[in-house]
Amino acid sequence: RCLSDWSSDVCSSDLVIREGFMMVGAPSTLTSLSRLSAYKELRETVAVRSRPIVAFVGSGLSAAAQLPSWAGLKARLLEELREKAARSASLNDAKKVGDEADSIAGIGNFWIAFSRLEAALGKTTYQAIIRDSLSPADTCSIPSVYNALWRTPIQGVLSVNLDNFVKRSFSEVYPGRDLKWFIGSQAARLAKILHAGHPFTYSLHGSIDDTQSWVFNQEQLRALYRTPGYKAMLTGIFTSYTVLFLGIGADDAAVGGPL
């Protein structure tokens, strides 16, 4: 049954094994042989449970709920910044803010762009827009792939998303069961329970409900890297578990940067 659920929800994408990690890739980038081999590898791992499985998920998994991607959030914040320019009291201020918006729009690095957007908009407005953009995740339907994941024999989920789909899904699939939940700054606590057999989720970039936990810019990402136990925790997961990447790549800065 797990394999049936998995196939209907996940295997429309491509699974590829790279350096011991299982990934979901774009269909056009992989050969039929690599797709078949990867799926067989995953099926065998699930069937024999040779190594515990951890899913590493990104924004692609929440796209079905119509939540904005990084690019979508950036566009929404830029829209507000341009509205701020239009409301400026003087032509000089309007031009200054508008020029900053144009400059940020041309920045391809989201970590840098979001640092600039927070400074230009002010923390209160910046946080309010992000929270408003992601708040539908608290009440909308959970994307089915999350439930499919928990129905496979995974031990935990690492997520760079601020939404609560991972936790909501676990409660739906296993009502009444305990899920150990940690945010980025609690890496050392997670490391202590990794081999205890408890189902867990680790929200690397924080929770929508706690603005102090958010990781959206370079300064916050560097602070996460410096968190005691963070690198050791990731190293422990990548060496002891089969890691299934969904909606994020292994070369993403949020994944491989500290390693």
Worksheet item: Is there a donor-acceptor pair closer than 3.5 Å between any side-chain N or O of Lys84 and the backbone N or O of Ala94?
Response: no

Discussion item. Applying side-chain hydrogen bond (donor to acceptor under 3.5 Å, both in side chains) to Ser62 and Tyr146, what does each step give before you reach the verdict?
Written reply: CA-CA 9 Å; Ser62 298; Tyr146 284 100; 2.7 Å; yes

Worksheet item: Tell me, do Trp214 and Phe114 make a side-chain contact under 4.5 Å, heavy atoms counted?
Response: no

Worksheet item: Only one of Ile142, Leu67, Leu134 clears side-chain contact (heavy atoms from CB on, under 4.5 Å) with Asp163; which?
Response: Leu67

Discussion item. To the nearest 0.5 Å, what is the distance between CZ on Arg226 and CG on Leu221?
Written reply: 10.0 Å

Worksheet item: With no hydrogens and no angle check, is any side-chain donor or acceptor of Trp150 less than 3.5 Å from a backbone partner on Val166?
Response: yes

Discussion item. I need the single residue from Val54, Ile154, Ile53 that forms a side-chain contact (heavy atoms from CB on, under 4.5 Å) with Thr242. Which is it?
Written reply: Ile53

Practice prompt. For Asp93 and Ser88, indicate whether the former's side chain and the latter's backbone hold a donor-acceptor pair under 3.5 Å.
Written response: no

Worksheet item: Do Glu219 and Ser115 have side-chain heavy atoms sitting under 4.5 Å apart?
Response: yes

Worksheet item: Does some side-chain heavy atom of Phe165 sit less than 4.5 Å from a side-chain heavy atom of Asn161?
Response: no

Worksheet item: CD1 of Ile183 to OG of Ser213: how many Å apart, nearest 0.5 Å?
Response: 4.5 Å

Worksheet item: In terms of side-chain geometry, is the basic nitrogen of Lys180 or Asp178 positioned less than 4.0 Å from the acidic oxygen of its partner?
Response: yes

Worksheet item: Salt bridge check: are Asp102 and Arg82 linked by an N-O gap of less than 4.0 Å?
Response: yes

Worksheet item: Does Gln220 reach the main-chain N or O of Asn217 with its side chain, forming a donor-acceptor pair under 3.5 Å?
Response: yes

Discussion item. Donor-acceptor check, side chain of Ser207 to backbone of Asp209, threshold 3.5 angstrom: yes or no?
Written reply: yes

Worksheet item: Phe245 vs Phe56 aromatic rings, parallel, tilted or perpendicular, using cut-offs 30° and 60°?
Response: parallel

Worksheet item: So, Ser133 side chain and Leu73 main chain: donor-acceptor pair closer than 3.5 Å or not?
Response: no

Discussion item. Measuring centre to centre across the rings, with the benzene-like ring taken for any Trp, is Phe182 within less than 6.0 Å of Tyr202?
Written reply: no

Worksheet entry | Close side-chain approach of Leu77 to Glu80, heavy-atom, < 4.5 Å | no

Fill in: Straight-line distance of Tyr126 OH to Phe216 CZ, nearest 0.5 Å
5.5 Å

Worksheet item: Atom OG1 of Thr227 and atom CZ of Arg222: how far apart are they, to the nearest 0.5 Å?
Response: 14.0 Å

Worksheet item: If you round to the nearest 0.5 Å, how far is CD of Glu79 from CD1 of Ile129?
Response: 8.5 Å

Discussion item. In this structure, is the centre-to-centre distance between the rings of His198 and Trp181 below 6.0 Å?
Written reply: no

Worksheet entry | Minimum side-chain heavy-atom gap Val57-Leu158 below 4.5 Å | no

Worksheet item: Phe170 versus Lys167: any side-chain heavy-atom pair under 4.5 Å?
Response: no

Worksheet item: Which value, rounded to the nearest 0.5 Å, describes the distance between Cys140 atom SG and Arg168 atom CZ?
Response: 6.0 Å

Discussion item. Under a 3.5 Å distance rule, please check whether Ser203 uses its side chain to pair with a backbone N or O of Ser159 as donor and acceptor.
Written reply: no

Practice prompt. Give a yes or no answer on whether the side chain of Arg76 reaches the backbone of Ala71 with a donor-acceptor pair at less than 3.5 Å.
Written response: no

Practice prompt. Verify the distance criterion only: is there a donor paired with an acceptor across the side chains of Arg116 and Ser103 at less than 3.5 Å?
Written response: yes

Worksheet item: Taking Ser135 for the side chain and Asp132 for the main chain, is one N or O donor matched with an acceptor at less than 3.5 Å?
Response: yes

Item to complete: For Asp210, check side chain to side chain donor-acceptor pair (under 3.5 Å) against everything at least two apart and list the hits.
Response: none

Item to complete: Could you pull out the closest heavy-atom pair between Pro199 and Arg177, with the gap in Å?
Response: CG-NH2, 3.8 Å

Fill in: Close side-chain approach of Lys96 to Glu100, heavy-atom, < 4.5 Å
no

Worksheet item: Is there a side-chain contact between Asn164 and Ile208, using heavy atoms and a 4.5 Å cut-off?
Response: yes

Worksheet item: Shortest non-hydrogen contact from Ala113 to Lys74?
Response: CB-CE, 4.1 Å

Fill in: Flag, side chain of Thr152 to backbone of Leu149, donor-acceptor distance under 3.5 Å
yes

